[in-house]
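Report on one structure; see the data block that follows.
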Amino acid sequence: MDIWHIRGGQRLEGISFVQGSKNASLPILAASILIPLRCELHNVPKLRDVDAALRILRHLGCRAEQWGNEVYIDSTTLSGSSIPHQLMEEMRSSVIFMGALIARCGEARLSLPGGCQLGRRPIDLHLDALHRMGAEIEEDGAEISCRVSKLHGADILLRYPSVGATENAMLAACGGKGETVIHGAAREPEIEALQEFLRTIGAEVSGAGSETIRIGGMRPQDHAVQRIIPDRIVASTIACAAAATGGHVELRGIDSKHFSTVLHFLNKAGCDIINNNRSVSIRSDGRLRAIGEVVTEPYPGFPTDAQPVLMAALLRAQGKTVIRETIFENRFRQVPELRRLGADIRCSGRTAEIQGVDFLHGTALTATDLRGGAAMIVAGLAAEGETVICDAGHVTRGYESFDLCLRALGADIYLEY
Ligand code: EPU
């Protein structure tokens, strides 16, 4: 059990280099098995989810090692196409190995992904996309088998811009004969990062970042090097912590476009935001105001992953903010815990109303999920007295050395393992 100890009330101040993105790393790790390849990935965060993906790669017969933030993979030795349940259940995004395995091996066998507390998270869009490319899919309880004699290009229409389904379709399409066009694709920066990697390994892909992605042929390379983009949700979390504590933080190495909606709302709440080339500074005088209504949406809208941390930043803002969560049905799990700090939040279905209070008082909390746990840390930093958060490993799934990162900015926080 991880235990976060926070003594609130310190302003965050200083410069922070934002870690590499978890959600960009995971599909690229899966993509490394598309063809026999040796690849080096730089700026990969050291996280439990990344470690789970590396263990899947090793189980499939690849060499996969991480030293610091460098990852080396040799997928020339791939020898399997099935992933056991224990590895699948460690993280939901293991499902993107399905598209890569079917492209390389013509078959994939895995169980339904685990690791989710955010609500129902079906994979019908993933399966439909693979089916359109010729894959035959059999579901037997929690086991899924996909098999294809020859994948073919297809026109795929996603009725919702699912990030994972877009990634799975892109990966499978790399092994298909003929062109695949994905309509209604997700437009997140992580999709563009995947496109860049696929191009590096020889795939003809275009359109990532728009609603239509085209994948043509592949001229396989045997070596690739790629740097992982900075994590826009970690950047958003540090920005919210600076806002909540009346701090002044400069985030380096991050593209402000990737979290512009978060910066927009922090600015509306009263923070000064200064955008330089690949650095953003957030300055708050600690007296935030409510910001009306925030609605989570697929990119380029306001990200659901930043919703809990923005909520935490606004607990002491003057007035009432309404947050509507449209992506996941169960993403207010942090609310009962935040109330224990003295927050005034009312929830009804997918809407939460936050009425700002004058002060928060530290207490003992339990982290509910990755971003919910991060929200509790943000709130704890702004609360008076000590907050202790018992965390069954949620926050370290997505934040690398977060205690050290915050301590370097002046926070009084330490993580007991
Ligand atoms: N959905 C379906 N059918 C599908 C797939 C998705 O109905 O086949 C629905 C989901 O139930 C959900 C919505 O579509 O309501 C969005 O799901 P999406 O597939 O876009 O999400 P994901 O690929 O499972 C990724 C991130 C999440 C992030 C979401 C939304 C990774 C590894 N995960 O998940 O990140 O919240 O996109 O932006 O990229 C996190 O990092 O904390 C996290 C949960």
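Any value given below was found using the heavy atoms of this structure, including those in side chains, with hydrogens, waters and symmetry copies removed. Atoms within each ligand, like the ligands themselves, are counted from 1 in listed order.
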query = Can you check whether P122 has an N/O within less than 3.5 Å of an N/O in ligand 1?
reply = yes

task = Using distance alone, determine whether A165 and ligand 1 share an N or O pair under 3.5 Å.
result = no

Per-residue contact class, [X] against ligand 1 - non-hydrogen pairs under 4.0 Å:
{"X": "R331", "answer": "side chain"}
{"X": "Y299", "answer": "neither"}
{"X": "E329", "answer": "neither"}
{"X": "D305", "answer": "side chain"}
{"X": "D124", "answer": "both"}

message = Quick check on side chain to side chain contact (heavy atoms under 4.5 Å, CB included): which of I228, V71, V225 does H42 satisfy it with?
response =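 Passing option: V225.
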
key: Partner of L251 by side chain to side chain contact (heavy atoms under 4.5 Å, CB included), out of L263, I15, I282   = I282

Between [X] and [Y], do the side chains contain an N or O donor and an N or O acceptor separated by less than 3.5 Å?
{"X": "Y414", "Y": "R7", "value": "no"}
{"X": "Q19", "Y": "N69", "value": "no"}
{"X": "Q195", "Y": "E190", "value": "no"}

Heavy-atom contacts with [X] under 4.0 Å: which atoms of ligand 1 show up? List them by number with element.
{"X": "G164", "value": "19 (O), 23 (O)"}
{"X": "I123", "value": "4 (C), 8 (O)"}
{"X": "S93", "value": "32 (C)"}
{"X": "K22", "value": "40 (C), 41 (O)"}
{"X": "L370", "value": "42 (O)"}
{"X": "T304", "value": "30 (C), 36 (O)"}
{"X": "Y160", "value": "13 (C), 14 (O), 16 (C)"}

request  = Evaluate the criterion ring-ring contact (aromatic ring centres under 6.0 Å, His included) for residue pair Y72 and W67; output intermediate values, then yes/no.
outcome  = CA-CA 8 Å; Y72 299 89; W67 285 292; 5.6 Å; yes

ask   = For I291, does its backbone N or O pair with a side-chain atom of T321 as donor and acceptor, under 3.5 Å?
value = yes

query = Can a salt bridge be assigned to the pair D305 and R331 using a cut-off of 4.0 Å between side-chain N and carboxylate O?
reply = yes

query = With side chains defined as the heavy atoms from C-beta onward, is the minimum distance between C39 and F197 less than 4.5 Å?
reply =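 Counting from C-beta outward, C39 and F197 do come under 4.5 Å.
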
